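Just so you know, these numbers come straight off a predicted model, no measurement behind them. All heavy atoms count here, side chains included; hydrogens, waters and symmetry mates do not.
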Amino acid sequence: MESKELISVINNSVNELDFVTARRHIEENSDLVKHFKVHLNSNAREILNFILDKKNQDAKPLTRSEINTINAINVYASKFDIRGLKLVIKGKESLFLREEVLAYLNTDAKIMLEGMGTIK
């Protein structure tokens, strides 16, 4: 795929709110897209900046088991099941040291975990 065609596909995907396709194209051709960044529309540039920032931070994405743990915490917190919440949290202390985990927690979970002293 040529650079002009790639930029056009990315911009069209973003305009159609198909961010998954745009991100996939940007990730697959990040070196080429960096050189033609000025031709991207603003949303596509933001996706590119996000991807480049994540690469520079060497941040590992959450694994499936970590996401399942976060979902279980959200469910137990919504039901106000403290016993279940404590069982899920036990042994997963390192998960709460990561900053991006807080974005996935619902309000109930944040309040309960703050009360338990698990997060700040």
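- A donor-acceptor contact shorter than 3.5 Å is absent between the side chain of N29 and the backbone of L32.
- Here the straight-line distance linking atom CD of E46 with atom CG of D53 works out to 9.5 Å at 0.5 Å rounding.
- With respect to R98 and E66, a salt bridge is recorded, a charged nitrogen being found less than 4.0 Å from a carboxylate O.
- Within the 3.5 Å criterion, the main-chain N or O of N106 finds a donor-acceptor partner in the side chain of N74.
- A 4.5 Å side-chain heavy-atom check between L95 and I70 finds at least one atom pair inside the cut-off.
- Taken from CG in D18 to CD in E16, the straight-line distance is 7.0 Å, to the nearest 0.5 Å.
- For the pair N43/I47, no side-chain contact is recorded, criterion being any heavy-atom separation below 4.5 Å from C-beta on.
- Note on M112 and L102: same hydrophobic cluster, where clusters join Ile, Leu, Val, Met, Phe, Trp and Tyr whose side-chain heavy atoms are under 4.5 Å apart, directly or indirectly.
- Residue L62 is not grouped with residue V75 when hydrophobic side chains (ILVMFWY) are merged at heavy-atom distances under 4.5 angstrom, including chains of intermediate members.
- Put simply, CD1 on I10 and NE2 on H25 are 7.0 Å apart, with the number rounded to the nearest 0.5 Å.
- Within the model, atoms CD of E5 and CG of N12 stand 10.5 Å from one another, a figure rounded to the nearest 0.5 Å.
- Looking at heavy atoms from C-beta onward, L113 lies in side-chain contact with I73 at the 4.5 angstrom threshold.
- Taken from CD1 in I26 to NZ in K34, the straight-line distance is 12.5 Å, to the nearest 0.5 Å.
- Residues T21 and F19 are not in side-chain contact: their nearest non-hydrogen atoms beyond the backbone lie 4.5 Å or more apart.
- Distance check: E27 CD to L48 CG gives 10.5 Å after rounding to the nearest 0.5 Å.
- You'll find the side chain of V101 stays beyond 4.5 Å of the side chain of I119, heavy atoms only.
- Counted by atom type alone, N11 and S8 present zero donor-acceptor pairs between their side chains at under 3.5 Å.
- Residues V20 and I67 do not share a hydrophobic cluster, clusters being chains of Ile/Leu/Val/Met/Phe/Trp/Tyr side chains in contact below 4.5 Å.
- Looking at R23 and F50, their side chains come closer than 4.5 Å, going by heavy atoms from C-beta outward.
- At a threshold of 4.5 Å between side-chain heavy atoms, the hydrophobic network of Ile, Leu, Val, Met, Phe, Trp and Tyr places I111 and I89 in two separate groups.
- Taking hydrophobic clusters as Ile, Leu, Val, Met, Phe, Trp and Tyr residues chained together by side-chain heavy-atom distances below 4.5 Å, L85 does not share a cluster with L87.
- Residues D108 and K79 form no side-chain contact, since every pair of their non-hydrogen atoms from C-beta on lies 4.5 Å or further apart.
- Counting heavy atoms of neighbouring residues, nucleotides and ligands inside a 6.0 Å radius, atom CZ of F96 exceeds 12 of them.
- Counted within 6.0 Å of CD on E99, heavy atoms from surrounding residues, nucleotides or ligands total 12 or fewer; the atom is thus considered open.
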